[in-house]
Engineer: 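Have a look at this one before I ask anything.
Only this structure's heavy atoms are used, side chains among them; waters, hydrogens and symmetry mates stay out. Throughout, a chain's letter reflects where its sequence line sits, starting with A, and its residues are numbered from 1. Just so it is clear, the model here is predicted, and its values are computed rather than measured.
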Number of protein chains: 2
Amino acid sequence: MSQPHQSPVKRTTIYDVAREAGVAPSTVSRAFSKPSRVNSNTAARVRQVAERLGYRTNPLARALTTARTHLIALVVADFTNPVFAQLVQGVQQAAADAASTTVLIDAQESDRLERAALERALPIVDGVVLASSRLSDAAIRMISKQRPIVVLNRDIPDIPCVVTDNPHGARRAAEHLRELGHDHITYAAGPEPSWANGIRWRSVLEAATALDIKIRRIGPFSPTIDGGRAAADELRRRPTTAVITYNDQMAIGLIRGLSQLGIDVPGDVSVVGFDDIVAADLVTPRLTTIAAPLFAQGAAATKHLLTMIDGATGHTGQPMVLPVRLIIRDSTARRCPGRRPNPTKTTRGNRLPR
Amino acid sequence: MSQPHQSPVKRTTIYDVAREAGVAPSTVSRAFSKPSRVNSNTAARVRQVAERLGYRTNPLARALTTARTHLIALVVADFTNPVFAQLVQGVQQAAADAASTTVLIDAQESDRLERAALERALPIVDGVVLASSRLSDAAIRMISKQRPIVVLNRDIPDIPCVVTDNPHGARRAAEHLRELGHDHITYAAGPEPSWANGIRWRSVLEAATALDIKIRRIGPFSPTIDGGRAAADELRRRPTTAVITYNDQMAIGLIRGLSQLGIDVPGDVSVVGFDDIVAADLVTPRLTTIAAPLFAQGAAATKHLLTMIDGATGHTGQPMVLPVRLIIRDSTARRCPGRRPNPTKTTRGNRLPR
DNA sequence: TTGAAAGCGCTAACAT
DNA sequence: ATGTTAGCGCTTTCAA
């Protein structure tokens with residue numbers, strides 16, 4: 001039987017070290033917090049004694065006076081949503097590079113939970129990255145009065161934001177579909193209140209118009225696989241040969257749903273998603289998608305947040321926009337004019353990927 | 001131009017409230033931390049004044065004296081590994097239920113990073129959940145001397161652990177394959193040093209032996225899609241009609257690799273994975289797998305940790321083991337005796353799922 | 001039940 | 001460069 005996490009003796013403090021090293025406590029403090037303000041010999045001796053005594057500076061006590069915890073909060077709507085995995089890593093890495101630690105808040109799609117968790121975290125973090133949120137603009141503004149904040153994929157005037165270049169992504173997707181002969185495409189919308197959904201739809205609309213492609217919108221659907229399935233039913237009623245979905249999850253669900261209806265992707269219908277989640281390369285057919293630089297986005301937001309924490313103003317001019325690129329895989333193909341939806345599989349549509 | 005996160009006046013403290021309410025600071029403190037020790041009238045008055053003044057208790061200052069931060073650390077090897085998504089949620093929810101916040105540590109498969117992040121977090125958390133780790137048993141024991149700790153999917157004597165019932169899972173998988181006529185199976189191993197890999201191999205071995213199935217092991221491979229691809233090459237050299245892989249990612253890669261070699265799953269070879277990650281239901285063919293209760297595992301570990309933090313001994317008897325179940329999907333099928341690997345697709349193997 | 005006062009461990013003036 | 005001395009905001013004896 002082991003003795004669990006005992007602290008046999010009191011934690012050693014700067015006072016212990018000070019006494020042992022024959023200096024004042026403040027000198028020990030300086031030796032660790034601002035070494036440049038201490039004679040290098042003294043500093044060396046202090047560190048050595050500290051080492052011997054097993055001294056570790058207590059971040060809590062430090063934070064109490066400095067008002068800096070080196071903790072930042074990351075809020076996401078739902079951790080099982082694969083887009084967030086890379087985002088989290090980006091945030092986590094940028095934070096770690098600045099010797100900060102990330103506090104995780106999964107709102108679990110619940111307004112109440114998000115508020116509660118945020119309320120708990122806010123007093124102990126130096127700032128927050130809001131990766132997705134059910135909070136209103138007003139609520140976010142309230143938070144930004146208490147702590148530095150950076151918002152992802154959402155543009156709130158006067159609040160620092162980092163977004164992806166949806167217009168360019170939509171443009172590339174439209175061009176790609178145009179080249180394949182599609183002259184009429186459908187946008188399958190995500191949640192109505194989502195800022196990202198709004199901008200993506202407008203971007204697709206604009207791109208299609210510019211390229212003389214007819215465009216139509218269906219939805220809104222839930223931004224999930226099931227949402228995509230629902231879109232399939234809707235699409236059958238008003239078919240086009242190409243579809244752009246709000247996100248990859250919907251695209252995957254749409255392809256499923258279509259397949260069930262005997263409609264082949266990309267044989268009968270071409271599908272393009274948004275985001276490039278990991279699964280996009282795993283499904284059959286592999287998904288053509290507009291890839292967002294998820295990791296980079298997390299990292300960029302965090303770096304910006306850290307500079308704000310260090311006193312920079314939020315320079316709340318324009319949102320920072322990150323480049324996207326179109327990744328062409330197997331869910332898009334040349335349009336076969338006059339082809340009718342039918343259950344016979346084409347070679348292409350069924351081939352297992354690479 | 002908004003004024004970012006200003007604090008125009010000093011944060012209000014118990015002293016402000018005390019003065020305004022005409023009581024001592026200690027009374028205000030009690031009114032919030034142990035209301036039962038305060039006259040209910042006074043308590044009410046204090047709370048009301050506090051409300052009016054916008055008082056919020058400062059968790060940092062509280063933690064300094066109570067030595068409780070209500071923070072718990074969660075360590076994983078790699079966030080992009082989909083098994084962790086649900087685990088994180090389980091941990092996060094259990095923590096939130098206990099008014100605690102989760103601190104996230106992504107070791108990014110690096111020993112150094114893990115140590116650094118853990119070192120930073122350890123002094124400020126009440127305990128840690130180690131979901132996967134490159135740390136040695138000895139290192140983990142060191143940590144457990146400083147803070148309560150619960151380890152997942154790894155059995156370290158005298159350290160509280162929660163594991164899944166691999167033996168039962170392996171047994172169910174073997175029975176399933178047996179019923180389909182397979183009498184010779186291969187285990188495609190994951191990383192050699194992984195405790196989970198060890199127990200899974202032994203479990204499969206034992207189950208196969210008990211059911212009079214011939215069993216062979218190949219590997220070790222990286223526990224990833226690419227690792228699975230590598231396993232495909234190896235398998236072709238020494239074929240069996242059924243394979244159990246260390247985890248789902250490998251299973252997905254294996255199916256890919258096999259397909260490239262013109263070998264159909266499940267037509268020619270049946271494949272069973274471990275874990276039931278989200279993608280298992282997304283790939284083609286959908287994966288038969290031994291489902292681990294990931295969310296429950298995270299939640300169970302966290303609840304146990306919280307009781308330890310509240311003073312319970314680690315009751316370090318046997319590891320807590322959670323039930324698994326076999327989920328039969330499309331990657332396993334009846335053995336076709338004498339069938340040779342060939343590039344012709346069967347209907348079954350190519351059918352898009354549901 | 002309430003108050004007074006002494007810390008928790010550190011940092012930050014202010015002196016020297 | 002270093003020491004002295006107040007706090008940071010809260011909890012916690014100890015008395016009353």
Engineer: Is any N or O donor-acceptor pair between the side chain of Arg30(B) and the base of dG3(C) shorter than 3.5 Å?
Structural biologist: yes
Engineer: Within this structure, what is the CG-to-P distance between Leu64(A) and dC10(D), rounded to whole angstrom?
Structural biologist: 9 Å
Engineer: Nearest whole Å is fine: how far is dG9(C) C1' from Ile124(B) CD1?
Structural biologist: 16 Å
Engineer: Select base, sugar-phosphate, or nothing to describe what Ser33(B) touches, counting heavy atoms under 4.0 Å on all strands.
Structural biologist: sugar-phosphate
Engineer: Please classify the nucleic acid contact of Tyr55(A) as base, sugar-phosphate, or nothing, using heavy-atom distances under 4.0 Å.
Structural biologist: sugar-phosphate
Engineer: Which pair of non-hydrogen atoms, one from Val46(B) and one from Val17(B), has the smallest distance, and what is that distance?
Structural biologist: O-CG1, 4.0 Å
Engineer: If I take atom CZ in residue Phe32(B) and atom C1' in nucleotide dG9(D), what distance separates them, rounded to the nearest angstrom?
Structural biologist: 13 Å
Engineer: Does one side chain, of Glu114(A) or Ser133(A), offer a donor that lies under 3.5 Å from an acceptor on the other?
Structural biologist: yes
Engineer: On the side chain of Tyr15(B), is there an atom forming a donor-acceptor pair with the base of dC10(D) - under 3.5 Å, no angle test?
Structural biologist: yes
Engineer: Is it true that, when you exclude Arg37(A) itself, more than 12 heavy atoms of the residues, nucleotides or ligands shown sit nearer than 6.0 Å to its CZ?
Structural biologist: no
Engineer: Between Asn39(A) and Ala61(B), just flag the one whose closest nucleotide in DNA chain D comes earlier from the 5' side.
Structural biologist: Asn39(A)
Engineer: Nearest to the side chain of Val23(B), heavy atoms from C-beta on, is which of dC10(D), dG3(C), dC10(C)?
Structural biologist: dG3(C)
Engineer: Can you measure Arg11(B) atom CZ to dG7(D) atom C1' for me and round it to whole angstrom units?
Structural biologist: 17 Å
Engineer: Could Arg47(B) and Phe32(B) be counted as a cation-pi pair, given that NZ or CZ must be under 6.0 Å from the ring centre and within 45° of the axis?
Structural biologist: yes
Engineer: What is the distance from CD1 of Ile14(A) to P of dA12(C), rounded to the nearest Å?
Structural biologist: 12 Å
Engineer: Among the candidates dC10(C), dA4(C), dC10(D), find the nucleotide nearest to the side-chain atoms of Ser26(B).
Structural biologist: dA4(C)
Engineer: Can you tell me how far P of dG9(D) sits from CZ of Arg62(B), to the nearest Å?
Structural biologist: 15 Å
Engineer: Classify the nucleic acid contact of Thr27(A) as base, sugar-phosphate or nothing, counting any heavy atom under 4.0 Å across all strands shown.
Structural biologist: sugar-phosphate
Engineer: Please round to the nearest 0.5 Å and tell me the distance separating atom CE of Met320(B) and atom NE2 of His304(B).
Structural biologist: 5.5 Å
Engineer: Looking only at side-chain N and O atoms, does Ser29(A) come under 4.0 Å of OP1 or OP2 in dT11(C)?
Structural biologist: yes
Engineer: Nearest to the side chain of Thr65(B), heavy atoms from C-beta on, is which of dG3(C), dG9(D), dT11(C)?
Structural biologist: dG9(D)
Engineer: Tell me whether the OP1 or OP2 atom of dT2(C) has a side-chain N or O from Thr42(B) closer than 4.0 Å.
Structural biologist: yes
Engineer: Could you tell me the separation between the CG atom of Asn58(B) and the C1' atom of dC8(C), rounded to a whole number of Å?
Structural biologist: 13 Å
Engineer: Roughly, in whole Å, what's the span from NZ in Lys34(B) to P in dT1(C)?
Structural biologist: 14 Å
